[in-house]
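On a predicted model such as this, the values are computed, not experimentally measured, just so you know. Computed from heavy atoms alone, side chains included, the values below leave out hydrogens, waters and symmetry copies.
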Amino acid sequence: QVQLVESGGGLVQPGGSLRLSCAASGFTFSSYAMRWYRQAPGKERELVASITSAGGSTGYVDSVKGRFTISRDNAKNTVYLQMNSLKPEDTAVYYCNARRYSYDYWGQGTQVTVSS
């Protein structure tokens with residue numbers, strides 16, 4: 001069955017870095033655009049970063065541009081989110097998402113907490 005499993009979250013101090021991973025299985029990963037979303041307590045889920053199926057194009061929400069980098073390894077069926085210069089406002093549950101036409105898959109999320 002389809003699975004998206006996020007990992008790499010945790011507690012980090014402001015200014016620190018984390019690398020999130022999302023391992024995919026059960027579908028043709030290389031055919032899907034991938035996205036990272038986040039949801040902070042009391043807020044709506046927000047699209048953070050996206051990458052096309054072949055990895056040739058990426059996009060970011062303004063608040064993370066220059067700090068976060070999305071990448072993918074289609075040979076490993078994995079998408080990554082490198083997060084640098086983390087701020088307390090980056091605290092949220094981060095979810096990976098795979099989407100192609102009407103197919104829309106979500107992981108269970110990984111908690112990222114930025115605090116001193």
Side-chain angles (χ1 to χ4, degrees):
Q1 77 271 22
V2 171
Q3 280 194 311
L4 292 172
V5 180
E6 300 98 335
S7 61
L11 173 64
V12 63
Q13 292 188 341
S17 297
L18 284 175
R19 188 195 197 202
L20 305 184
S21 299
C22 173
S25 60
F27 63 100
T28 307
F29 179 77
S30 60
S31 295
Y32 283 69
M34 297 296 297
R35 296 170 175 85
W36 285 97
Y37 286 79
R38 66 185 179 187
Q39 189 166 19
K43 295 189 176 182
E44 293 187 354
R45 193 169 292 190
E46 172 187 45
L47 175 61
V48 176
S50 61
I51 188 167
T52 52
S53 56
S57 181
T58 59
Y60 302 90
V61 67
D62 285 347
S63 59
V64 308
K65 283 181 181 176
R67 300 189 298 120
F68 290 11
T69 303
I70 187 171
S71 62
R72 66 190 296 160
D73 185 338
N74 284 348
K76 295 183 178 179
N77 288 357
T78 302
V79 63
Y80 306 96
L81 186 67
Q82 177 67 44
M83 305 186 296
N84 299 328
S85 302
L86 282 161
K87 304 175 180 180
E89 52 264 41
D90 295 318
T91 296
V93 178
Y94 284 72
Y95 299 88
C96 73
N97 168 258
R99 188 173 304 157
R100 181 171 185 261
Y101 302 125
S102 61
Y103 299 95
D104 191 20
Y105 307 129
W106 291 86
Q108 82 290 347
T110 186
Q111 176 70 47
V112 171
T113 302
V114 185
S115 175
S116 55

Nearest 0.5 Å please: distance from the [atom1] atom of [X] over to the [atom2] atom of [Y].
X	Y	atom1	atom2	value
N77	T28	CG	OG1	9.0 Å
R35	W106	CZ	CH2	9.0 Å
L81	C22	CG	SG	10.5 Å
F29	T78	CZ	OG1	6.5 Å
R67	M83	CZ	CE	9.5 Å
S63	E89	OG	CD	8.5 Å

Which donor-acceptor pairs under 3.5 Å do side chains of residues 11-20 form with protein atoms, sequence neighbours excluded?
from : atom 1 : to  : atom 2 : distance (Å)
S17  : OG     : N84 : OD1    : 2.9

Check your understanding: salt bridge (Lys or Arg N to Asp or Glu O under 4.0 Å) between D62 and K65: does it pass, once the steps are laid out?
Key -> CA-CA 5 Å; D62 285 347; K65 283 181 181 176; 3.0 Å; yes
Check your understanding: Shortest non-hydrogen contact from A24 to L4?
Key ->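 Heavy atoms of A24 and L4 come nearest at CB-CD2, 3.5 Å.
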Review point. So, for A49 and Y60, which heavy atoms are closest and what is the spacing to 0.1 Å?
Key: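 Heavy atoms of A49 and Y60 come nearest at CB-CD2, 3.7 Å.
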In terms of hydrophobic clusters joined by side-chain contacts under 4.5 Å, are [X] and [Y] together?
X	Y	value
M34	F68	yes
Y94	Y80	no
V5	Y32	no
Y37	V93	yes
I70	V64	yes

Practice item. Determine, stepwise, if the pair D104 / N97 fulfils side-chain contact (heavy atoms from CB on, under 4.5 Å). Key: CA-CA 7 Å; D104 191 20; N97 168 258; 2.7 Å; yes
Return yes if some donor-acceptor pair links the side-chain N/O of [X] with the main-chain N/O of [Y] below 3.5 Å, else return no.
X	Y	result
E46	R38	no
T91	V114	yes
R72	S53	yes

Point to revise | Mutual orientation of the aromatic rings belonging to Y105 and F27 [parallel < 30°, tilted 30-60°, perpendicular > 60°] | key: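 Answer is tilted, since the angle falls between 30° and 60°.
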**Study point:** Neighbour count >12 (heavy atoms, 6.0 Å) for atom CD, E44
**Key:**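 Open.
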